[in-house]
2 protein chains.
Amino acid sequence: MEPDILELESFLPYRLYRLADTVSREFSRIYKERHGLTRPEWRTLSGLGERGTMTATELGEQSAMHKTKVSRAVAELERRRWLTRKPDENDRRVEHLALTKTGLAAYREMVPLAKAFERELLGKLSVEERVAIARGVAALEGTLERK
Amino acid sequence: MEPDILELESFLPYRLYRLADTVSREFSRIYKERHGLTRPEWRTLSGLGERGTMTATELGEQSAMHKTKVSRAVAELERRRWLTRKPDENDRRVEHLALTKTGLAAYREMVPLAKAFERELLGKLSVEERVAIARGVAALEGTLERK
DNA sequence: CCAAACTGGTTTCATTTGTAACCATTGAAA
DNA sequence: TTTCAATGGTTACAAATGAAACCAGTTTGG
């Protein structure tokens, strides 16, 4: 093995990125084809569906998005009347976001599709492989968040 | 556990993407700060450094990039005089790309930095965790490529 | 042969993204 | 209080991206 050569094929950052990109691209077909959502929009929908009510900042933290992405996604979902904003009582900078009936319906429709996608993906692995990916990803997440 | 709720925090596509995004973003600082390269440019440099000579199509396959990304990255590296194109003898559509001395020097400078980055990342994991991530990623790669 | 389909690579255009500046409001300090 | 730093969120602008059209040049089938 040449020391001054980098094997892209086995370089972890590259492999991780390519893997995530492929998986995410395939999954995105689901919400893109069904509702024409972008990834930030899907994450916003998903975050609010899961938690009920959140501020834009919280959304950004929960779903690892830059605040401009959140802002744009929220604006678009609002335009579709999938969510509403309610000003905070005490702090007039803050808005509490929540899904409307329509937004919730879309969310409820997406959840089983998302779960099925994940199930199918993991279904191709052996039990040990599933354990391995879960453990490995968790470990890396752990090292990254504390910094 | 509510069946009609999706926990983003434990949803594999999301976790993978976030992880890869974080790692890749951090790694990108290295080639961005040092040479002002974009990711496609870095991958092009890295691919040619590793293999010596490649066509644009091969580059795209090796580094999982859309052909327009390759085209643009190659154009930029050529502008910097980091690579040259040599027309194919038999097929005049094809160009063989190779790094110049300058390009190779940049590559040689980057390789140890890339390796150090990976080493440091993996260094925070236990041996079992390293095995787990390697195995898990390989398994998922396997399921995705055969389709 | 020769048209039609295909392939390597580039370009155009619309969309998405990131950075930085920005506005309004709030909290803390003097 | 007044001022100044910090915070929630939006906007403007430049750069990166993807889809589709495109321009050679090449292969294939009739």
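Reckoned from all heavy atoms, side chains included, excluding hydrogens, waters and symmetry mates. A, B, ... follow the sequence lines: proteins, then strands. Residue 1 opens every chain.
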Q: Rounded to the nearest 0.5 Å, what's the gap from CG on B:Leu77 to OG1 on B:Thr102? Could you check?
A: 11.5 Å
Q. Can you check the B:Arg43 CZ to D:dT17 P distance for me, whole Å?
A. 10 Å
Q: Give the rounded distance in Å between these two atoms: NZ of A:Lys32 and C1' of D:dT17.
A: 11 Å
Q: For A:Asp88, answer base if it contacts any base atom (sugar-phosphate contacts may also be present), sugar-phosphate if it contacts only those atoms, and nothing otherwise; contact means non-hydrogen atoms under 4.0 Å.
A: nothing
Q: Specify the separation, in whole Å, of atom NZ of A:Lys69 and atom C1' of D:dT17.
A: 12 Å
Q. In whole angstrom, what separates A:Lys67's NZ from D:dT11's P?
A. 13 Å
**Q.** Test item: side-chain donor near acceptor, A:Gln62 and A:Glu50, under 3.5 Å
**A.** yes
(Q) Within 45 degrees of the ring normal and closer than 6.0 Å to the centroid, is that where the cationic atom of B:Arg39 sits relative to B:Trp42? (A) no
Q: Check the surroundings of atom CZ in B:Arg85: do more than 12 heavy atoms from other residues, nucleotides or ligands lie under 6.0 Å from it?
A: yes
Q: Round to a whole Å and report the spacing from CD of A:Glu61 to P of D:dG9.
A: 10 Å
Q: Using a cut-off of strictly less than 4.0 Å, decide whether A:Ser71 has a side-chain nitrogen or oxygen near OP1 or OP2 of D:dT11.
A: no
Q) Please walk me through it: do A:Glu76 and A:Arg79 pass salt bridge (Lys or Arg N to Asp or Glu O under 4.0 Å)? A) CA-CA 5 Å; A:Glu76 169 60 20; A:Arg79 198 192 60 70; 3.1 Å; yes
Q. Which comes earlier along DNA chain C counting from the 5' end, the contact point of A:Asp91 or that of A:Arg72, where each point is its nearest nucleotide?
A. A:Arg72
Q: Check every nucleotide of DNA chain C for an atom under 4.0 Å from a heavy-atom of chain A, then give the first and the last such nucleotide from 5' to 3'.
A: C:dT16 to C:dT26
(Q) Let me spell it out: for each of A:Thr55 and B:Arg39, pick the nucleotide of DNA chain D with the closest heavy atom. Which residue's pick is nearer the 5' end? (A) A:Thr55
Q. Taking the side chain from B:Arg15 and the backbone from A:Val137, do they hold a donor-acceptor pair closer than 3.5 Å?
A. no
Q) What integer distance in Å separates B:Arg93:CZ from D:dA24:P? A) 14 Å
Q: Determine, for B:Asp21 against B:Arg25, whether the closest basic-nitrogen to carboxylate-oxygen distance falls under 4.0 angstrom.
A: yes
**Q.** Integer-rounded Å distance: D:dT26 P and B:Glu95 CD
**A.** 13 Å
Q: Would you mind reading off the distance between A:Arg92 atom CZ and D:dA6 atom P, rounded to a whole angstrom?
A: 22 Å
Q.
Regarding A:Thr68, tell me which of base, sugar-phosphate or nothing describes its non-hydrogen contacts under 4.0 Å with the strands shown.
A. base
